[in-house]
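Quick notes on the structure that follows.
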There are 2 protein chains.
Amino acid sequence: METKIFSALAEPTRLRMVEMLKDGPLSVGDIAERLSLRQPQASKHLRVLLEAGLVEVEAQANRRNYKLRTEPLEVLDTWLEAYRKIWSERFDNLDDYLRQLQSKDNERP
Amino acid sequence: METKIFSALAEPTRLRMVEMLKDGPLSVGDIAERLSLRQPQASKHLRVLLEAGLVEVEAQANRRNYKLRTEPLEVLDTWLEAYRKIWSERFDNLDDYLRQLQSKDNERP
DNA sequence: AAGGAATATTCCCGTCAAGGAATATTAATG
DNA sequence: CATTAATATTCCTTGACGGGAATATTCCTT
């Protein structure tokens, strides 16, 4: 698993950017305004997201519209698969345990 | 969403630790050895994982056994939910598109 | 109680990331 | 072509992070 996506999302401002872009593409200015950032900082953070593959840019005249790319998130989702097994196993164990209790209850009368 | 988990996983060594612990708890020494780390570095990284809630410790005599905690990963999994919708929508759109092609093919003869 | 094994913590240092301010770039417009 | 709007890049400084080496702590053993 590539750690680049984690570093990119480890910065609160960038995480908020990603969450914002979930609802559709935005220009740098829009992003900066909504997050109360100065434009250069917005551009810099967007560059990091770009290099992590989390966004793509479409130039439209003066503007640059940044759009979310889900591919790295899909990779992350796949990576999580192995861990989902673990917590679902735990759930199953709890489930088994509850069933055991249940059957003991049934033995009693 | 808490960024702490991302910072914790952004470090390649720590990510490897998490992946190792997927298969069960390990002592500091074991972890250090498998990753060819010096013990102090292993301890330091484990501390970060601990503070991120990604592991828990169980002291057993001299040893400290570190065990994976999946709770932060479950939070991450939940956070991903909103994005899964996006890429599955895209898939649906592609699906629709292919169906359209299909029906146009059928019109032709 | 002393010694040794396993682990944690501290100190030092080099590197890197982030913000601020200034400047460069690109495109539209008069 | 000059100006302006939108964005990117650079330079600087500061703070956090990671590795190395040394040391402290804890617990077992004898």
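Heavy-atom basis, side chains included; hydrogens, waters and symmetry copies ignored.
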When you measure from the side chain of A:Ser7 to the backbone N and O of A:Thr3, does any donor-acceptor pair fall under 3.5 Å? yes
Which stems does DNA chain D form, counting runs of 3 or more consecutive Watson-Crick or G-U wobble pairs with both distances under 3.5 Å? C:1-30 with D:1-30
Okay, side chain of B:Arg69, backbone of B:Gly53: is any donor-acceptor separation there less than 3.5 Å? yes
Pick the nucleotide of DNA chain C nearest each of A:Gln39 and A:Asn62; which residue has the one closer to the 5' end? A:Gln39
Report yes if some heavy atom in the side chain of A:Trp87 is under 4.5 Å from a heavy atom in the side chain of B:Leu73; otherwise report no. yes
Does this structure show an ion pair linking B:Arg47 with B:Glu51, if we count only N-O contacts that are shorter than 4.0 Å? yes
Would you call B:Lys22 and B:Glu19 a salt bridge, taking side-chain N to carboxylate O under 4.0 Å as the test? no
For nucleotides 13-19 of chain C, list the nitrogen or oxygen atoms of the protein found under 3.5 Å from its nitrogen or oxygen atoms, one pair per line.
unit_1, atom_1, unit_2, atom_2, d
C:dA18, OP1, A:Arg14, NH1, 3.3
C:dA18, OP1, A:Arg14, NH2, 2.7
C:dA18, OP2, A:Arg14, NH1, 3.4
C:dG19, OP2, A:His45, NE2, 2.8

Charged N-O contact under 4.0 Å between A:Asp30 and A:Arg63: no
Co-membership, hydrophobic cluster, residues A:Val48 and A:Tyr66, 4.5 Å side-chain: no
Can you tell me if B:Glu58 and B:Asn65 form a side-chain donor-acceptor pair at under 3.5 Å? no
For DNA chain D, note the earliest and the latest nucleotide, 5' to 3', having some atom under 4.0 Å of a heavy atom belonging to chain A. D:dA5 to D:dT10
Is there a donor-acceptor pair closer than 3.5 Å between any side-chain N or O of B:Arg14 and the backbone N or O of B:Leu9? no
Please report, rounded to the nearest Å, how far the C1' atom of C:dT10 is from the CZ atom of B:Arg47. 12 Å
Pairing donors with acceptors under 3.5 angstrom, does anything connect the side chains of B:Thr78 and B:Glu74? no
